[in-house]
Amino acid sequence: MVTKENAKQPARRGRPRGFDTETALDTGQRLFHASSYDAVGLAALTDALGVKPPSFYKAFGSKAAFFSRVLERYAQSALALDDILPPGRPPAQALAALLESAARTYTQDPEQRGCLVLEAARGQDGDDSATHARRVAEQRRNRIRQFIARTHPECAAAVTDFVTSTMSGLSASAREGMDQTRLMEVARIAIAGLEKQLGSE
């Protein structure tokens, strides 16, 4: 029975029914990737997620913390290094697969061109988004370096810098509108250099 007393009680706050964290992170990824961290305001973000700001803060802490989780999730799903660089795979072959996958991934969705991590890492020093992105980028760089060092320790650092610089260039070119065919040609030229340095086997 509804009385005046319980009718005046405020609605309970918190996550809305049906709130799904993975769906929220996926939505956030698409928004940040299509625009940028700074371009996506909290109001636009919470509206897209279908939550109120208090619910968003309760679930993720802050916009910066949410973005950090988006980056971690993106890094694990887009160009998953554990799948591309498994132990025992010839390094030139693995790195070739990485660069070719980057060329395809960075151009497959016109609304999500380039690499979310690498593009965010280009931000200004001190920006939350750039700080989080550079941390994730460095983790991935270390993963590549460790893979190369297993068989070619003498050139692991230089080859890692070459590969990651090429990927950064592929990402930037994709953001500028370069199509997949052209990016694949760039990747293949880079692969030829890797094979010369590391051997094709």
**Q** Would you say T151 and P90 make side-chain contact, with heavy atoms under 4.5 Å?
**A**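 Not touching, per the 4.5 Å side-chain cut-off.
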**Q** For a side-chain contact (heavy atoms from CB on, under 4.5 Å) check, start with the C-alpha distance between C155 and L198, then their side-chain angles and the critical distance, and finish with the verdict.
**A** CA-CA 9 Å; C155 62; L198 302 174; 3.9 Å; yes
**Q** Could you grab the distance from atom CG of L49 to atom CG of L45, nearest 0.5 Å is fine?
**A**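 Rounded to the nearest 0.5 Å, the CG-CG separation comes out at 4.5 Å.
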**Q** Any chance you could measure D83, atom CG, to S101, atom OG, to the nearest 0.5 Å?
**A**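 Answer rounded to 0.5 Å: 10.0 Å.
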**Q** Does any N or O in the side chain of T46 come within less than 3.5 Å of the main-chain N or O of L42, such that one atom is a donor and the other an acceptor?
**A**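 Here the side-chain-to-backbone pair exists.
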**Q** Which donor-acceptor pairs under 3.5 Å do side chains of residues 60-72 form with protein atoms, sequence neighbours excluded?
**A**
residue : atom : partner : partner atom : Å
S62     : OG   : A65     : N            : 3.0
K63     : NZ   : Y37     : O            : 2.8
K63     : NZ   : V40     : O            : 2.6
S68     : OG   : R135    : NH2          : 2.9
E72     : OE2  : R135    : NH1          : 2.7

**Q** Might you point out which heavy atoms bring S35 and R175 nearest each other, and give the distance in Å?
**A**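 Closest pair (atom of S35, atom of R175, distance): O-NH2, 3.5 Å.
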**Q** Decide yes or no for Y106 and M167: does some side-chain heavy atom of the first lie under 4.5 Å from some side-chain heavy atom of the second?
**A**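 Contact flag for Y106/M167 side chains = yes.
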**Q** My understanding is that only residues two or more places apart in sequence, or in another chain, count here; which of them pass side chain to side chain contact (heavy atoms under 4.5 Å, CB included) with T23?
**A**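 D20, T27.
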**Q** Using the side chain to side chain contact (heavy atoms under 4.5 Å, CB included) criterion, which residues pair with T160? Sequence neighbours excluded.
**A**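 R141, I144, R145, I148, T164.
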**Q** Does the side chain of L99 reach to within under 4.5 Å of the side chain of L95, using non-hydrogen atoms?
**A**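 When only atoms from C-beta onward are counted, L95 and L99 do not touch, as no gap falls below 4.5 Å.
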**Q** Looking at every heavy atom in both C115 and Y74, which two are closest together, and how far apart are they?
**A**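 Closest heavy-atom pair between C115 and Y74: CA-OH, 3.5 Å.
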**Q** Are Q108 and R113 close enough that some pair of their side-chain heavy atoms sits under 4.5 Å apart?
**A**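 No, side chains not in contact.
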**Q** Using modelled atom types and a 3.5 Å cut-off, is there a donor and acceptor pairing between side-chain atoms of S55 and backbone atoms of V51?
**A**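 Absent.
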**Q** Indicate yes or no for a side-chain donor-acceptor contact from D127 to the backbone of S129 under 3.5 Å, with no hydrogens or angles considered.
**A**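 No: the side chain of D127 does not pair with the backbone of S129.
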**Q** Determine the minimum heavy-atom distance between A174 and G114, stating which atoms define it.
**A**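 So the minimum-distance heavy-atom pair works out to CB-N, 3.7 Å.
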**Q** Restricting to non-hydrogen atoms, name the atom on E119 and the atom on A172 that form the minimum distance, rounded to 0.1 Å.
**A**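 Taking every non-hydrogen atom into account, OE2-N, 3.5 Å.
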**Q** If every non-hydrogen atom of A102 is compared with every non-hydrogen atom of L79, which pair is closest and at what distance?
**A**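 Heavy-atom minimum between the residues: N-CD2, 3.6 Å.
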**Q** Quick one: does S168's side chain get under 4.5 Å of R122's, heavy atoms only?
**A**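 Yes. Closest side-chain heavy atoms under 4.5 Å.
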**Q** Just so I know, are the side chains of Q76 and L81 near enough to count as touching, which here means a heavy-atom distance under 4.5 Å?
**A**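 Not touching, per the 4.5 Å side-chain cut-off.
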**Q** Is it the case that more than 12 heavy atoms not belonging to E154 sit under 6.0 Å from its CD atom?
**A**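 Result for CD/E154: enclosed.
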**Q** With A94, which residues qualify under side chain to side chain contact (heavy atoms under 4.5 Å, CB included), at least two apart?
**A**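 L85, R89, F147.
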**Q** Closer than 3.5 angstrom, by distance alone: can the side chain of R134 be matched with the main-chain N or O of A121 as a donor-acceptor pair?
**A**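 Confirmed, R134 side chain pairs with A121 backbone.
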**Q** Do the side chain of H152 and the main chain of P91 share a donor and acceptor less than 3.5 angstrom apart?
**A**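 Checked: no pair found.
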**Q** Going by the rule salt bridge (Lys or Arg N to Asp or Glu O under 4.0 Å), which residues pair with E22 if we only count those two or more places apart in sequence or in a different chain?
**A**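 Once residues adjacent in sequence are excluded, the partners of E22 under the salt bridge (Lys or Arg N to Asp or Glu O under 4.0 Å) criterion are R73.
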**Q** Output the distance between atom CG (L31) and atom OG (S36), rounded to the nearest 0.5 Å.
**A**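 Between L31 CG and S36 OG, I get 11.0 Å after rounding to 0.5 Å.
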**Q** Which residues pass the side chain to side chain contact (heavy atoms under 4.5 Å, CB included) test with M184, not counting sequence neighbours?
**A**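 For M184, the residues satisfying side chain to side chain contact (heavy atoms under 4.5 Å, CB included) (neighbours in sequence not counted) are E100, A103, R104, Q180, R188.
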**Q** Ignoring hydrogens and geometry beyond distance, is a side-chain donor-acceptor pair present between R182 and S173 at under 3.5 Å?
**A**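 Short answer, no.
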**Q** Between R30 and D26, is there a side-chain N and carboxylate O pair less than 4.0 Å apart?
**A**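 Yes, R30 and D26 are salt-bridged.
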